[in-house]
Amino acid sequence: MIKYLSALFFPGLLVVLFTRVTYNRVIALILTVALIAASVYKGYTDSFLLIVIDSFSLTVGFWYSKWLKDRRESRI
């Protein structure tokens with residue numbers, strides 16, 4: 001159960017964190033996908049459902065980082 005909850009929140013948070021660090025949403029997405037690919041390679045992601053939940057979380061994190069950027073630019 002903890003794997004599924006982690007897969008739901010952590011990839012999206014990583015995209016937002018990497019976006020804040022690199023100032024580029026695409027680079028942040030690539031870095032997060034690379035981390036997920038490494039976890040799949042090591043065997044930590046053992047079911048297709050976890051991959052689907054990771055993908056959903058990545059999509060939400062990517063959207064949220066765009067929303068934050070647009071919100072910040074509208075204030076300026």
Side-chain angles (χ1 to χ4, degrees):
M1 188 67 180
I2 193 77
K3 280 186 179 181
Y4 294 104
L5 288 174
S6 297
L8 188 61
F9 292 109
F10 288 144
L13 291 174
L14 280 174
V15 171
V16 173
L17 173 74
F18 287 151
T19 300
R20 299 293 290 175
V21 171
T22 63
Y23 298 106
N24 191 337
R25 289 182 304 127
V26 176
I27 299 295
L29 185 68
I30 291 170
L31 287 171
T32 308
V33 167
L35 284 174
I36 291 172
S39 74
V40 169
Y41 180 74
K42 288 291 275 182
Y44 298 122
T45 305
D46 54 357
S47 71
F48 184 72
L49 183 60
L50 276 174
I51 296 171
V52 170
I53 294 171
D54 280 337
S55 302
F56 174 74
S57 181
L58 283 171
T59 304
V60 170
F62 192 72
W63 170 80
Y64 185 68
S65 64
K66 181 183 180 328
W67 181 78
L68 284 175
K69 180 183 175 198
D70 292 343
R71 190 174 128 211
R72 185 183 60 200
E73 287 178 355
S74 69
R75 288 183 179 174
I76 295 176

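Every pair passing side-chain hydrogen bond (donor to acceptor under 3.5 Å, both in side chains) that includes a residue from residues 65-76 is listed here, sequence neighbours excluded: Lys66-Asp70. Among residue pairs with one or both ends in residues 40-52, those qualifying as salt bridge (charged side-chain N to carboxylate O under 4.0 Å, His left out) are Lys3-Asp46; sequence neighbours excluded.
The cluster map of Ile, Leu, Val, Met, Phe, Trp and Tyr, joined by side-chain heavy atoms under 4.5 Å apart, puts Ile36 and Phe62 in the same cluster. Under the 4.5 Å side-chain contact rule for hydrophobic residues, Ile53 and Val60 share a cluster. The hydrophobic clustering, which links ILVMFWY residues whose side-chain heavy atoms are closer than 4.5 Å, places Val52 and Tyr4 apart.
Between Pro11 and Ser6, the shortest heavy-atom distance links the atoms CD-O, 3.5 Å.
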Side-chain atoms of residues 12-22: list all donor-acceptor pairs with protein atoms under 3.5 Å, sequence neighbours left out, distances to 0.1 Å.
from	atom 1	to	atom 2	distance (Å)
Thr19	OG1	Val15	O	2.6
Thr22	OG1	Phe18	O	2.7
Thr22	OG1	Asn24	N	3.4
Thr22	OG1	Asn24	O	3.2

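Atom CG of Leu35 is separated from atom OG of Ser39 by 8.0 Å, given to the nearest 0.5 angstrom.
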